[in-house]
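One structure is given here, and the rest of the page talks about it.
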Amino acid sequence: MRRPRIKSCETKWMEERESAMHALRDIDRRGFLKVSAAAAAAAMTYGMAPHSFQPVRIAHGAPREGFMFAYISDSHLYERKINDRFVRQLLRAVDDVNAMDPQPDFVLYGGDLAQLGQKAELELGAAILKELKAPVRMMVGEHDWFLDMGVLWRSLFGEPTYSFDHKGIHFVVLNSILEEDFWTERKLTPMQRMKTVAGLDNNSQRSFMVGEEQREWLKTDLASIPTSTPVVVFSHSPLYKLYKGWNFWTADADEVQAILKRFAKVTVIHGHTHQLLTNRIGNIQFHGMLSTAWPWPYAPQGLPEYTVQMNRPDPFNPADGCGNGTVRIHPDGVADKVYALWNRNPITVTGASLKARGKTEKPAPPNRPAY
Ligand SMILES: [Fe+2]
Ligand SMILES: [Fe+2]
């Protein structure tokens with residue numbers, strides 16, 4: 001695919017600024033690779049990606065083959081003539097993943113590929129993701145869905161609810177951003193509906209949910225899976241109730257958690273919150289994904305106690321607080337996640353620390369001050 005070359009005034013300004021500030025800031029990933037390819041390779045060996053990756057190490061119980069998959073999430077693409085920064089930041093993530101050696105087994109896309117679910121946005125995103133060398137597994141976000149209720153997304157990427165097995169792990173991908181109908185009675189147009197959902201912190205919509213149909217599907221899907229098999233669930237919204245006011249919330253999370261309860265080892269990887277976010281509820285470990293587009297602030301209440309907060313990002317650097325990542329499946333029964341924020345050192349959240357309820361392996365704090 002031909003890379004977009006359209007540059008807005010903002011982009012040109014930011015590029016000039018980035019260039020001028022480069023000597024004073026962190027060395028960027030490409031520069032890092034140029035001067036220290038060997039160090040980067042060594043870092044990869046230990047699940048530590050230079051700069052732009054977030055390795056999560058997940059392994060449970062019985063010995064099985066370890067592996068790594070990458071993920072990219074929440075790119076919120078507009079048409080590039082409107083905003084090419086978000087396009088460039090998704091391209092940066094794709095370049096980062098393609099530079100991995102060895103390559104990840106697959107790449108999870110975590111949802112919110114588009115900003116308003118429009119054809120030009122989703123097709124642009126699909127074309128960029130086609131540049132990934134590794135196979136791509138897609139998850140849907142609310143920004144992809146509510147313009148046409150998933151019609152175009154499905155035509156591009158297939159059904160949003162599915163499962164697969166990979167090297168001893170059972171993976172489930174859910175569409176967790178369904179909402180009860182708030183639009184028909186109010187006679188909203190599709191775009192009004194989309195913008196209402198995209199508003200996030202308005203009071204005009206309902207909460208996200210997995211819904212009864214998917215919960216029944218999940219029960220059936222898991223029925224033949226032994227309880228000793230590690231289960232990894234991908235959901236766009238967090239599968240717990242964090243902060244209703246911003247829809248950092250899944251209304252039927254308790255029911256979904258109950259379905260997952262019989263498994264000894266469950267890890268949920270979610271998008272939507274655009275920030276470092278860690279939680280543990282019973283047998284389930286939760287890890288949020290960073291966005292490639294922008295970092296959300298933390299909700300004013302409900303922050304899970306195991307979360308290491310990333311500091312308030314640099315307002316003059318729109319990539320600060322963003323990132324992408326990888327997920328590593330290890331054979332030792334523990335899930336580790338490294339948040340490799342762009343512009344900051346990676347932050348590791350280990351499964352052992354969650355297992356010990358934060359008493360061991362405390363993650364290092366961000367290496368930059370809050371702005
Ligand atoms: Fe998002
Ligand atoms: Fe979202």
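As the structure lists them, so they are numbered: ligands from 1, and atoms in each ligand from 1.
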Note to self: Just to verify, which of Q285, M139, H287 counts as forming a side-chain contact (heavy atoms from CB on, under 4.5 Å) with I269?
What the structure shows: H287

Note to self: Taking K167 first and then D105, would you say they form a salt bridge - that is, a charged N and a carboxylate O separated by under 4.0 Å?
What the structure shows: yes

Checklist line | Of all N/O/S atoms in E142, the name of the one nearest the Fe ion (ligand 2) | finding: OE1

Checklist line | Atom of H272 nearest the Fe ion (ligand 2) (restricted to N/O/S, atom name only) | finding: ND1

Notebook entry, point to check: Looking at side-chain heavy atoms only, is the closest gap between F208 and L239 below 4.5 Å?
Noted result: no

Checklist line | N, O or S atom of H143 closer to the Fe ion (ligand 2) than 2.8 Å | finding: no

Next item on the list: Please state whether the separation between the Fe ion (ligand 2) and some N/O/S atom of D74 is under 2.8 Å?
Entry: no

Check: Can you tell me the angle formed at the Fe ion (ligand 1) by OD2 of D112 and NE2 of H274, to 10°?
Finding: 170°

Item checked: Plane angle bin for W296 and H274 - parallel if under 30°, tilted between 30 and 60°, otherwise perpendicular -> tilted

Notebook entry, point to check: Do you see a donor-acceptor pair shorter than 3.5 Å between the side chains of Y306 and R357?
Noted result: yes

